[in-house]
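What follows is a short report on a single structure.
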Amino acid sequence: MSNPFELRLQLFQEARDYLVDVFNREVQEWDRLNQHKLDIETKYSNDWSRYCDLKDEGKASAEECPVSPDPIKLPEYPKYPTREEILEMATFIREFTADKGEEE
């Protein structure tokens, strides 16, 4: 059986691991959105370059001009969990596990 100090450390570590996992998922989603944005910008840039080359050769008309995509605004980059957030999550876990499930 663990002593109270080991249990507190275990709660802290569980809370930290959970919040770091959430952070990592948010970073992956941000990276996915950023890559999507870069892909769209690259495609437009390539289309524009191709159009300019064809226009210089006299093989493109104004109707074939690529339309610039709407700007894509990325959400704020995720923040790594702070010590305070980890302590709040550890407190939540402790209170949740201490609850006996009885309704008042």
Side-chain angles (χ1 to χ4, degrees):
M1 182 126 188
S2 301
N3 68 42
F5 299 109
E6 290 171 333
L7 290 174
R8 287 174 57 94
L9 177 61
Q10 185 178 4
L11 280 173
F12 183 85
Q13 290 169 337
E14 289 291 327
R16 182 199 60 215
D17 292 347
Y18 171 77
L19 291 175
V20 168
D21 287 344
V22 169
F23 167 77
N24 288 333
R25 281 193 304 272
E26 290 173 351
V27 166
Q28 285 180 330
E29 179 61 13
W30 190 93
D31 288 342
R32 185 190 69 78
L33 293 172
N34 187 47
Q35 186 61 52
H36 176 70
K37 176 182 184 250
L38 293 174
D39 290 346
I40 289 173
E41 291 170 350
T42 300
K43 182 183 182 317
Y44 173 72
S45 177
N46 291 340
D47 289 349
W48 179 256
S49 177
R50 182 174 176 271
Y51 169 76
C52 289
D53 291 344
L54 290 173
K55 184 179 169 190
D56 290 345
E57 295 172 8
K59 298 179 182 178
S61 64
E63 294 85 31
E64 297 172 303
C65 180
V67 176
S68 176
D70 292 333
I72 297 173
K73 183 164 172 46
L74 293 175
E76 184 177 332
Y77 193 81
K79 290 183 173 45
Y80 196 80
T82 64
R83 185 174 61 98
E84 290 77 22
E85 291 169 330
I86 294 171
L87 290 173
E88 285 178 28
M89 181 57 69
T91 301
F92 171 79
I93 293 170
R94 183 190 63 192
E95 290 172 357
F96 178 79
T97 56
D99 182 16
K100 297 180 181 165
E102 298 172 358
E103 293 193 29
E104 297 176 16

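Quick caveat: nothing in here was measured; it's all calculated off a predicted structure.
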Working to the nearest 0.5 angstrom, can you tell me the gap between Arg8 CZ and Arg94 CZ?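 Nearest 0.5 Å value for the CZ-CZ distance: 7.0 Å.
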Would you mind listing every ring-ring contact (aromatic ring centres under 6.0 Å, His included) that reaches into residues 25-46, with sequence neighbours excluded?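 Only Trp30-Tyr77 qualify under ring-ring contact (aromatic ring centres under 6.0 Å, His included).
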Under 3.5 Å, which donor-acceptor pairs do the side chains of residues 16-24 form with other protein atoms, sequence neighbours left out?
{"unit_1": "Asn24", "atom_1": "ND2", "unit_2": "Val20", "atom_2": "O", "d": "3.3"}

According to a 4.5 Å side-chain heavy-atom criterion applied to Ile, Leu, Val, Met, Phe, Trp and Tyr, with indirect links allowed, do Leu9 and Ile86 form part of one hydrophobic cluster?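 Leu9 and Ile86: separate clusters.
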Is there a continuous path of hydrophobic side-chain contacts, each under 4.5 Å between heavy atoms, that joins Phe96 to Met89?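 Different clusters.
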Partners of Glu41 by salt bridge (charged side-chain N to carboxylate O under 4.0 Å, His left out), sequence neighbours excluded?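 So Glu41 forms a salt bridge (charged side-chain N to carboxylate O under 4.0 Å, His left out) with Lys37.
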Can you name the nearest heavy-atom pair linking Ala90 to Ala15, along with the distance?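 Distance-wise, the nearest heavy atoms are N-CB, 3.4 Å.
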Any chance you could lay out the side chain to side chain donor-acceptor pair (under 3.5 Å) test for Asp39 and Gln35, step after step, and finish with the verdict? CA-CA 6 Å; Asp39 290 346; Gln35 186 61 52; 2.8 Å; yes
Tracing side-chain links under 4.5 Å among I, L, V, M, F, W and Y, which residues wind up in one group with Leu54?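 Noted: Leu54 shares its cluster with no other residue.
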Which pairs count as side-chain hydrogen bond (donor to acceptor under 3.5 Å, both in side chains) when at least one residue sits in residues 46-56, sequence neighbours excluded?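 Every side-chain hydrogen bond (donor to acceptor under 3.5 Å, both in side chains) pair that includes a residue of residues 46-56, provided the two are not neighbours, is Lys43-Asp47.
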Compile the donor-acceptor pairs under 3.5 Å between side chains in residues 60-73 and protein atoms, sequence neighbours left out, one pair per line.
{"unit_1": "Ser61", "atom_1": "OG", "unit_2": "Glu63", "atom_2": "OE1", "d": "2.9"}
{"unit_1": "Glu64", "atom_1": "OE1", "unit_2": "Ser61", "atom_2": "N", "d": "2.8"}

With the side chain counted from C-beta on, respond yes when Glu14 and Leu11 share a heavy-atom pair under 4.5 Å apart, and no when they do not.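 They are not in side-chain contact.
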